[in-house]
Amino acid sequence: QVQLVESGGGSVQAGGSLRLSCVASVYTYRHYYMGWFRQAPGKEREGVAAIDVDGSTRYVDSVKGRFTISQDTVNTLELQMNSLKPEDTAMYYCAADRSIRNMNWGLLDSRNYNNWGQGTQVTVSS
């Protein structure tokens, strides 16, 4: 089981920036598929950004051009969030897995991940 610990959440005004980090308990670079997901109250969990083992990235349309997912060469995943909007308010979760259950679902589908962090809250005020 992989332990994932997120940090970096907080409260910002619209237009501001935050940088989330997720530290894994194992070596993940190019070995694990990893992603950032978010869940707002009363809504389903949504895939925000993901990174493949080959280093390619995926983003949900609503964050393209504003968010950037990256990882270091050991065990840390990050999400740089710029131009934040009130609708970005949610609990943000890091996820990881060594294998993908179904590639047809895509890397932004939460069903493909078995390891999850506890989440970090992001609140954007208007």
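Values in this document were obtained by computation on a predicted structure and should not be read as measured data.
Listed for the Asp97 side chain is no donor-acceptor partner under 3.5 Å among the backbone atoms of Tyr33. A distance-only check finds a donor-acceptor pair linking the side chain of Asn112 to the backbone of Asn102 [under 3.5 Å].
Between Tyr32 atom OH and Gln71 atom CD the span is 13.0 Å, to the nearest 0.5 Å. From Met34, atom CE reaches atom CG of Leu79 across 12.0 Å, with rounding to the nearest 0.5 Å. How far OG1 of Thr120 is from CE of Met91: 7.5 Å, rounded to the nearest 0.5 Å. Separation of atoms CH2 (Trp105) and CD1 (Ile100) is listed at 10.0 Å; rounding is to 0.5 Å. Atoms SG and CH2, from Cys22 and Trp36 in turn, are 5.0 Å apart once rounded to the nearest 0.5 Å.
Defined by atom type and a distance below 3.5 Å, a donor-acceptor pair is missing between the side-chain atoms of Ser125 and Gln13. Side chains of Arg19 and Ser21: a donor-acceptor N/O pair is absent below 3.5 angstrom, by distance only. In summary, the side chains of Ser17 and Asn82 do present a donor paired with an acceptor at a separation below 3.5 Å, with no hydrogens or angles considered.
Between Leu20 and Val122, the closest side-chain pair of non-hydrogen atoms falls below 4.5 Å. At a threshold of 4.5 Å between non-hydrogen side-chain atoms, the residues Tyr59 and Arg66 do not count as touching.
Using the six-membered ring where Trp is involved, Tyr92 and Phe67 have ring planes that are tilted, between 30° and 60° apart.
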* Take Tyr113 and Leu107 through the test side-chain contact (heavy atoms from CB on, under 4.5 Å) and record every step on the way to the result. => CA-CA 9 Å; Tyr113 299 88; Leu107 294 183; 3.8 Å; yes
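Taking 4.0 Å as the cut-off between side-chain N and carboxylate O, Arg38 and Asp88 count as a salt-bridged pair.
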